[in-house]
Amino acid sequence: RKEVEQDPGPFNVPEGATVAFNCTYSNSASQSFFWYRQDCRKEPKLLMSVYSSGNEDGRFTAQLNRASQYISLLIRDSKLSDSATYLCVVNYNQGGKLIFGQGTELSVKP
Amino acid sequence: DVKVTQSSRYLVKRTGEKVFLECVQDMDHENMFWYRQDPGLGLRLIYFSYDVKMKEKGDIPEGYSVSREKKERFSLILESASTNQTSMYLCASSLPLGQGNTEAFFGQGTRLTVV
């Protein structure tokens with residue numbers, strides 16, 4: 001079983017749609033959680049951290065369920081510019097080894 | 001502006017060659033990472049370094065080694081390149097857990113082709 005698993009998609013949605021991505025992780029010792037965004041032919045960049053209480057940044061909402069070892073990202077009112085691959089990232093143990101999920105591809109259509 | 005710099009954007013090497021991929025960061029980060037990214041497989045961790053001369057194997061270390069002689073530089077070495085090592089290689093750096101913002105910053109990637 002992979003340490004961090006995501007549905008690879010692709011998710012094809014119309015502009016204005018709400019879309020949700022899910023991610024599960026296997027190591028209960030995981031301490032920090034993130035969503036990264038990767039545009040085509042570019043390096044990944046941090047979208048947002050994920051806090052235990054859940055957090056929101058504009059149209060983006062991230063949630064963490066430690067009991068189920070599950071992370072989610074909700075995008076409301078999708079824009080064309082949201083088209084990208086979204087990567088779930090888990091930070092482990094001493095030092096902070098970062099493990100990435102395989103990414104979920106999102107395509108927002110007019 | 002924070003920066004992680006990889007020495008090459010594109011490399012073509014022959015099977016059996018020894019290949020060095022260099023990565024330099026200017027943020028004084030303790031942690032540095034090497035990943036490879038392949039279609040459908042996402043980013044897979046090759047090696048992780050949490051301090052000078054300290055390293056830890058990732059998920060796919062076979063065929064690779066690393067060197068961290070200085071804090072700012074982390075090198076990935078392919079001892080004898082093979083065609084299945086053709087991939088996009090990404091270097092990243094971050095602060096350790098418990099030291100504030102642990103966001104990872106990536107280099108622009110090196111597209112390596114082994115022929």
Side-chain angles (χ1 to χ4, degrees), chain A residues 1-10 21-27 29-52 55 57 62 64 71 73 84-106, chain B residues 1-6 9-10 23 25 27 29-52 54-61 66 68 74 88-111:
Chain A
R1 185 186 168 190
K2 290 182 182 176
E3 291 181 91
V4 181
E5 291 204 65
Q6 295 180 247
D7 180 346
F21 303 137
N22 302 318
C23 171
T24 57
Y25 60 94
S26 60
N27 191 329
S30 304
Q31 300 196 28
S32 301
F33 308 89
F34 309 89
W35 284 99
Y36 278 68
R37 171 191 169 131
Q38 186 174 25
D39 294 300
C40 189
R41 302 188 200 283
K42 299 279 191 180
E43 71 274 19
K45 292 188 178 178
L46 179 68
L47 177 67
M48 59 195 301
S49 301
V50 186
Y51 302 117
S52 297
N55 49 298
D57 183 2
L64 168 64
I71 306 157
L73 176 69
T85 296
Y86 291 83
L87 299 155
C88 173
V89 185
V90 172
N91 195 333
Y92 283 174
N93 58 40
Q94 60 277 71
K97 189 162 70 170
L98 288 172
I99 302 297
F100 282 72
Q102 69 267 50
T104 300
E105 185 182 344
L106 172 66
Chain B
D1 199 19
V2 298
K3 211 160 184 181
V4 178
T5 304
Q6 294 182 229
R9 287 298 300 271
Y10 300 95
C23 176
Q25 50 100 358
M27 295 164 281
H29 284 166
E30 281 80 0
N31 290 351
M32 295 189 75
F33 309 82
W34 274 107
Y35 295 90
R36 64 178 281 178
Q37 186 170 28
D38 301 287
L41 297 177
L43 275 79
R44 292 181 291 165
L45 182 64
I46 305 171
Y47 267 98
F48 161 54
S49 170
Y50 50 93
D51 204 347
V52 174
M54 307 304 286
K55 63 187 179 187
E56 190 175 312
K57 290 180 180 178
D59 297 323
I60 50 164
V66 289
R68 187 127 180 242
F74 192 34
M88 171 66 82
Y89 289 87
L90 287 160
C91 174
S93 74
S94 77
L95 288 172
L97 280 179
Q99 288 195 22
N101 179 8
T102 55
E103 176 181 355
F105 294 89
F106 282 83
Q108 75 277 32
T110 297
R111 168 77 60 188

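Remember, predicted model here, so these are calculated numbers, not experimental data.
Using a 4.5 Å cut-off between heavy atoms, Asp51(B) does not touch chain A at all. Heavy atoms closer than 4.5 Å to chain A are found in the side chain of Leu45(B), but not in its backbone. Neither the backbone nor the side chain of Pro8(A) comes within contact range of chain B; no heavy atoms are under 4.5 Å apart.
Contact detail for Asp59(B) and Glu3(A): the closest heavy-atom pair is OD1-OE2, 3.1 Å. Residues Gln37(B) and Gln38(A) come closest through the heavy atom pair NE2-OE1, 2.7 Å.
Within the model, atoms CD of Glu43(A) and CE of Met88(B) stand 9.5 Å from one another, a figure rounded to the nearest 0.5 Å. Here the CZ atom belonging to Arg41(A) is positioned 7.5 Å from the CZ atom belonging to Arg111(B), to the nearest 0.5 angstrom. Expressed to the nearest 0.5 Å, how far CG of Asn91(A) lies from CD of Glu103(B) amounts to 12.0 Å. Rounding to the nearest 0.5 angstrom, the gap separating the OH atom in Tyr35(B) from the CD1 atom in Ile99(A) is 6.0 Å.
For Tyr36(A), the ring pair (Phe, Tyr, Trp, His ring centres under 6.0 Å) partners are Phe100(A), not counting sequence neighbours. Not counting sequence neighbours, the partners of Phe33(A) by the ring pair (Phe, Tyr, Trp, His ring centres under 6.0 Å) test are Tyr25(A).
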